[in-house]
Q: 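Please see the structure below; I have some questions.
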Amino acid sequence: MKSDRLCADCGGELQEKTVTVDQHWGSRIVVFEDVPARVCVDCQAIWLSGEVLELMDKALIQEVAPE
């Protein structure tokens, strides 16, 4: 089993950072800034926790109606 500190794509080290995430919602693109994530130092893959993804989904559903 891989450590939660290693990238599942390439095995590189993951570092805690904040990132900007563009999310498509209907015909819109919603931009989330300062999102806590783990970013691979080797391949730059971004990993978001389930908790963060749930919060983003709730924000989309409550604040933005798709067109």
Q: Show me, pair by pair, the donor-acceptor contacts under 3.5 angstrom made by side chains of residues 39-47, not counting sequence neighbours?
A:
| from | atom 1 | to | atom 2 | distance (Å) |
| --- | --- | --- | --- | --- |
| Gln44 | NE2 | Cys40 | O | 3.3 |
| Gln44 | NE2 | Val41 | O | 3.2 |

Q: Which pairs would a plain distance check flag for residues 11-21, meaning a side-chain donor or acceptor within less than 3.5 Å of a matching protein atom at least two apart in sequence or in another chain?
A:
| from | atom 1 | to | atom 2 | distance (Å) |
| --- | --- | --- | --- | --- |
| Glu16 | OE2 | Arg38 | NE | 2.7 |
| Glu16 | OE2 | Arg38 | NH2 | 3.4 |

Q: Pick from Leu60, Leu48, Leu55: which one makes a side-chain contact (heavy atoms from CB on, under 4.5 Å) with Phe32?
A: Leu60
Q: If you measure from CG on Asp57 to CD on Gln23, what distance do you get to the nearest 0.5 Å?
A: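 Reported value, rounded in 0.5 Å steps: 7.0 Å.
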